[in-house]
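The structure under discussion appears below in the form of structure tokens.
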Amino acid sequence: MRFEEAEQYFRLTTKDQENVSYEVRVNDLVSDQHQMLRFLEMYQSQIGTTDKHVPAVAFCKWFSLVAAGFQYFVSVDNSAVDLSPGNLTIQAYPVGDYTFFSFKVHRDIVTRAPADGAQRNVWRERAFAAFYGDTVRPVIDRLAEQAGIGAGQLWGQFPPKLMWFIDVVSKEIDGGAEQRIEADYQYLISGVDPRVFGRKRNPFAIRWKTVESMEDPRKQVYLQPTCCMNYRLEGIDYCYTCPRLTEAERAERREAFRSANCHQTNT
């Protein structure tokens, strides 16, 4: 098992965090609406907002690390770790003025992929259906209900983390699994039945749009599929890659950023 890398990149661990301020097993979170409400209120108070949409979306950005970690185990370790609701605990802990999350796997039970290609495809289908259908979807559905937000807004926080795994993390890990990584990612975006996610279409089947990087005009960066809602927090503006920004607003941001950097360089 590769839990050292999983902890480093995805905050998936078999250990308890120090200074845990709040923890809840995923099974309790999705089976008890009062637990979910308490969880939302806890995170809401931590980030300083009266708007329940914000903590719901913000937590999904954290929880998308678990999805990226699941993909990592399937492709790099060629295994499916048990991330069922009863085997996964969310732990919140302070880092300076912020709340971070870690995801504790209680029993490091894994199912190894069969060597035969056709049998591995069947194994992969079952693993993805179990993880997304039994763990991720219930979390999103309960969050959406208690926060009064559309589930699509929450699902939209997941694809960027998977792209980060494909574009960045997979290239830093010496796993020799490039073909599996690509094949399994293609299965995620085009092979998983949308009903597994409780959606009419697969939320990972994104037509990615790119824009010129704010820092480097030679680079392109992805637009986010949905808004992260951080702009609703005091003192925070829309992200540069937010889909709510117009291209004119983005161009204005770029010009202001580069002008400020140029001024700092010349002083």
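The first residue of the sequence shown is numbered 1, and numbering continues consecutively from there.
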Euclidean distance, R254 CZ relative to Y240 OH, rounded to 0.5 Å: 3.5 Å

Ring geometry between F103 and F101 (parallel below 30°, tilted from 30 to 60°, perpendicular above 60°): parallel

Qualifying side-chain hydrogen bond (donor to acceptor under 3.5 Å, both in side chains) pairs, either residue in residues 155-164, two or more places apart: Q157-T226

Within the 6.0 Å centroid threshold, strictly below: F73 and F10: no

Heavy-atom side-chain contact between V26 and V139 under 4.5 Å: yes

Of all pairs that satisfy salt bridge (charged side-chain N to carboxylate O under 4.0 Å, His left out), the ones with a partner from residues 128-152, not counting sequence neighbours: R137-D141, R142-E145

Within 6.0 Å of CG in D97, more than 12 heavy atoms from elsewhere: no

Mutual orientation of the aromatic rings belonging to W208 and Y222 [parallel < 30°, tilted 30-60°, perpendicular > 60°]: tilted

F70 and F128 aromatic centres sub-6.0 Å: yes

Co-membership, hydrophobic cluster, residues Y238 and M229, 4.5 Å side-chain: no

Pairs satisfying salt bridge (charged side-chain N to carboxylate O under 4.0 Å, His left out), at least one member in residues 17-35, at least two apart: none

Over 12 foreign heavy atoms within 6.0 Å of CD, E249: yes

Considering all heavy atoms, the nearest T99-A92 contact: CG2-CB, 3.9 Å

